[in-house]
Amino acid sequence: MVAVVVVVAAAGLLRWRRPAWYWLTFGALVATVRVLFRYASVMEACGLTVPPSRWRLALARMTNRPAPESRPPRILRLRPTRTGLVLRLKLQPGQDAFDVAAATDRLRHSFGVYGVTSRELRSGVVEVRMTGYDVLQRVQMPAPAETRPMRIPVALREDGAVHYRDYRAVPHGLTLGATESGKSVYQRNLVAGLAPHHVALVGIGCKQGVELFPLARRFSALADNPDTALDLLEALVGHMEEVYQLIRAEQRISVAVPDAEIAADIWDLREDLRPVPVVVLVDEVAELALFASKEEEKRRDRIITALVRLAQLGRAAGIYLEICGQRFGSELGKGITMLRAQLTGRTAHRVNDETSANMAFGDVSPDAVLAAIQIPTDTPGVAVTGDSTGGWARIRAPHTTLREAVNICNKHADRTPDVPALAAFRPALAPLPQARVPLSKTAPATA
């Protein structure tokens, strides 16, 4: 009896103070047993069963047996994870993946888990992910996170999976959010994740560079005012045209060349010829679009034109845009909506009104708009991410201080590539101080 009391007390303490540890020690086993025992009744109560087929009813009548019961989706696999359970279900004839998605909230209450999400893997097969606790309350990224060129882990999704920023799949992204919503932390995670990769980082921060200039040792080019930003963006456009000339020269298109040797972007080139990819981070886009005089209006039009050209043509040349701002609407002037239409990846932190959420997801997913305006103020870093397919999810980036991001950039400063077109915008920095020599306990002998 004493041992049982100690185990129950330990489980309660872990569930309160360390929910991740509780799940790995007790919660996964309890949830698995609960799902297996309640599965048939829960599926019937949630309307996820189908009546027996005609031949089964006829067979029951011929053999004078009771009528068979309704059939729920068949469990193909049940796999515990570090944050929950993953069920792979085979749908019965007549069922649809939307039926499971519509019943996720009822499944969450019935199985006693924190959250339930579903997605269709292929025709007739649905994956249901259950989370045992709030994984976004204290974000802990898994150690063996998968990384590939231009694909970095930046946040944790609400279903416990890792959220990756894949620039080759989603070339350009937009990040919105009010003040103190977590945009800066999200941007630091992007820079820290890209720092070990062979990529040129270009920063435009018109807030006098307070967010990006501390990370300058890993940046190939930086601009801290609209005038320098204009020159930098036009230099990037010129670099893009040079890359296209290189691709054109290496295409060698003729009837005798196999298709595999025809290059259409930098990733089809040989590694020794491939230009370094470039990621452009714009800290506050509104500072580039606002103007107060005729001269500033002309500068603003040239800046937006350069950004639109990079968004439309930069992907094949290995130039990717990551634009951040508090608002991104038509009130910023002509060309803004054209630029926003080219930004496939959308991430919205806490916003102050529904209009701001519509700027990110109004043309993508109405459900994501409702999720974005419901983010509470006491959870900075929580965001809603989506893309042009209409899918969306809640994410939260791990809290990375500016000092931690600076240390990562300094550690990988030797990986900063030299791009000739951007040499004029390379930040001038003093060399890193050498490590201090530890004092010896024995004083050196004197002559």
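We're numbering straight along the sequence, starting at 1. Just the heavy atoms: all of them, side chains too, but no hydrogens, waters or symmetry mates, feed the values below.
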Polar side-chain atom of [X] near backbone of [Y] as donor-acceptor pair, under 3.5 Å:
X	Y	result
N352	A178	no
R350	T179	yes
K90	V125	no
E127	S118	no
T347	L176	no
T81	G84	yes

Sort and list the pairs that fulfil ring pair (Phe, Tyr, Trp, His ring centres under 6.0 Å) and have at least one residue in [range], not counting sequence neighbours.
range	value
residues 78-108	none
residues 73-94	none
residues 112-139	none

Salt bridge present between R188 and E404 (N-O < 4.0 angstrom)
no

Please verify the inter-ring angle class for H349 with Y186; under 30° counts as parallel, over 60° as perpendicular, anything in between as tilted.
perpendicular

Run the side-chain contact (heavy atoms from CB on, under 4.5 Å) test on T131 and V113 for me, step by step, so that the C-alpha distance in whole Å, both residues' side-chain angles and the decisive distance to 0.1 Å come before the verdict.
CA-CA 6 Å; T131 51; V113 292; 6.0 Å; no

Can you tell me which residue pairs pass the salt bridge (charged side-chain N to carboxylate O under 4.0 Å, His left out) test with a partner in residues 152-164, sequence neighbours excluded?
R129-D159, E158-R394

Before you tell me yes or no, could you show the steps for L156 and H163 under side-chain contact (heavy atoms from CB on, under 4.5 Å), namely the whole-Å CA-CA distance, both residues' side-chain angles and the distance that decides it to 0.1 Å?
CA-CA 5 Å; L156 198 64; H163 176 67; over 6 Å; no

Taking side-chain hydrogen bond (donor to acceptor under 3.5 Å, both in side chains) as the cut-off, I'd like each qualifying pair that reaches into residues 99-112, sequence neighbours left out, listed once.
D105-R108

Taking ring pair (Phe, Tyr, Trp, His ring centres under 6.0 Å) as the test, write out the residues that go with F328, two or more places apart.
none

